[in-house]
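Everything on this sheet refers to the single structure shown next.
All values below come from the heavy atoms of this structure, side chains included, with hydrogens, waters and symmetry mates left out. This is a predicted model, so every value here is computed, not measured.
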Amino acid sequence: MHLQVSAVCKSFGYGSNAKQVLDTINLDLHSGQFLALVGSSGSGKSTIMRLIAGLDRPSSGEIRFDGQLVRGPGAERGMVFQKYSLYPWLTAAQNVAFGMELQGRSRAEIRERTAYFLEVVDLVDSARLLPRELSGGMQQRVAIARALAAEPKLLLLDEPFGALDLQIRESMQEFLYQLWQRTGLAALLITHDLEEAMLLAQQVHILAPRPGRIVRSIALPSDRSNLAHLRVSPAFLELREDLARTLRSLDGALVS
Amino acid sequence: MRSSEAHPLTRWIPLRRFLAQSWVLGLLGLVTVLLFWFLATASGAVDSLFLPSPHVVWQAGQSQWQSGLLVKDAVASIQRVFIGFALSAGLALPMGIAMGSNLTICRLLEPLMALIRYMPAPAFIPLLIIYFGLEELPKVLLIFIGTFFFNTLMIMDAVKFVPSELVETALTLGGRGLPILTRVVAPYIAPQVFDTYRINMASAWNLVIVAELVAANEGLGKRISLAQRFLRTDDIFVGLIVIGLVGLTIDLGFRFLMRKACAWAN
Ligand SMILES: Nc1ncnc2c1ncn2[C@@H]1O[C@H](COP(=O)(O)OP(=O)(O)OP(=O)(O)O)[C@@H](O)[C@H]1O
Ligand SMILES: [Mg+2]
């Protein structure tokens, strides 16, 4: 798997109403890599994600997936949305099976993989519940299982834990990290939570707003045997403070 | 502390709980009206030609039932409603989905439909009679005209409000084309479609009576207009009550279907 985002710009609107949202974005992502994009609200994070998913077209520049120009959405680029996007009329298990049914897989395979991915996200007991009967964290886990079950090569995560409270968010981060280690999937995580990005990703890009552009890229140390430990380690905290200053200065720049 | 005696305000709680059940109050309203009806006629305050007593109406109903007229009329009216409405509902569904999911189709048809929607369906009766005579077809078409545009536009609105995340999720899972409509859009709008049908069924039911008042050989509306000619207010009352009851039954049927089919939306 190789994702190449080359000099992508995106504007919405026409003429005098035109508004540039992304400016010359370059990204590279290979199999097994975990990349994070951090930026304040409105910096164009979701827009980048939608372009990569093929739900929108860049105004200029190009996005290639395994060398092929991205022209629309496809199952090889799975996505977990910012807002809960489970089908409210389907049970947790049926939601997980949904993508595989669209792909026309055999019944036996669907049953087997549904059971497996419910197990992966630890929701076997909730298989028959409807989304409204699940907590926010459980719903997002179902959404992740549904994306994974469709067998993507790249998993796009748009602030998947943004709506969760702190405690659940930490356990979900732990869960996501282990999942990534286990599956060796390529992942692109979008978040406004710096700590989240630094804990999970191998590389973090900082996005400046108006128009969205990458202003800083940091590679992170790869030793994370213990996330809870890492959260409070001095080197981690120092780097985090440094990046937080960068983010703050970007937000300050728009005031002045 | 006065613990042994219930507080004056809490003493009435069981009664309030009883009243709070929706059917209790509904029944109370109905009984009250019946009671006033009975009192008004029993006291002789109102001329029995204008307002026949409940008893007389009941007897008129019984005689219509025994002669078989009541069933024959009801069947005729219900049949017209069902054919006309089935046609309207069946065509409105694909049409509404097409308009709701395709901007070009929507822009092409919405102004036209919005215009026709404001033409009162009964105003089409003279045309329909000129075109199709006095048989079943004009009546069925009247019901179709009177409900199709409402059905279509309401279904279109339901489709427009399908959250884009749900459609886009399906796209990123590898879905495209028709399955998006049948597996995402259709189930999402199902509760609103049931409700649309339920609401517009009431106008279908109104229209069949109007059509029968104008021209028909049988039907509940026809019975009423005949009764008027002979000043049989008791038969008019029978007709009105039966029309109400059949309509209510259909309404409840739709609610029941919706609860069964769309448990997730409750
Ligand atoms: N379809 C659209 N039409 C017009 N403007 C848009 C559209 N989509 C996004 N924008 C604009 O692009 C900018 C970036 O939006 P985007 O949703 O990508 O931000 P974000 O970084 O994901 O923010 P958040 O953290 O709040 O989710 C916003 O100013 C938004 O108003
Ligand atoms: Mg966003």
Residue [X] excluded, over 12 heavy atoms near [atom1] under 6.0 Å:
X	atom1	result
B:F124	CZ	yes
A:E119	CD	no
A:E62	CD	yes
B:E135	CD	no

Counting only non-hydrogen atoms closer than 4.5 Å, does [X] touch chain B with its backbone (N, CA, C, O), its side chain (CB onward), both, or neither?
X	answer
A:R77	backbone
A:R146	both
A:L90	neither
A:A143	neither

Taking all atoms of both residues into account, what is the closest heavy-atom pair of [X] and [Y], and its distance?
X	Y	value
A:A53	B:T172	CB-CG2, 4.3 Å
A:L102	B:G175	CD1-CA, 3.8 Å
A:W89	B:R183	CZ2-O, 3.4 Å
B:G174	A:A75	CA-CB, 3.8 Å

Task: B:R176 side-chain N/O to A:P73 backbone N/O, donor-acceptor pair under 3.5 Å - done: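 Between the backbone of A:P73 and the side chain of B:R176 there is a qualifying donor-acceptor contact (under 3.5 Å).
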
Open item on the list: I'd like to know if the side chain of A:Y87 reaches the main chain of B:L166, judged simply by a donor and an acceptor atom lying under 3.5 Å from each other, with no hydrogens or angles considered.
Closed with: yes

TODO: For each of B:P179, B:P187, B:A265, tally heavy-atom pairs with chain A at distances under 4.5 Å, and name the one with the top tally.
DONE: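 The option with the most such pairs is B:P187.
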
- [ ] Would you please test A:M79 and B:E168 for side chain to side chain contact (heavy atoms under 4.5 Å, CB included) and show each step?
- [x] CA-CA 9 Å; A:M79 178 137 169; B:E168 290 177 342; over 6 Å; no

Task: Interchain contact, B:A263 with chain A, by part (heavy-atom threshold 4.5 Å) - done: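 For B:A263, backbone heavy atoms alone lie under 4.5 Å from chain A.
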
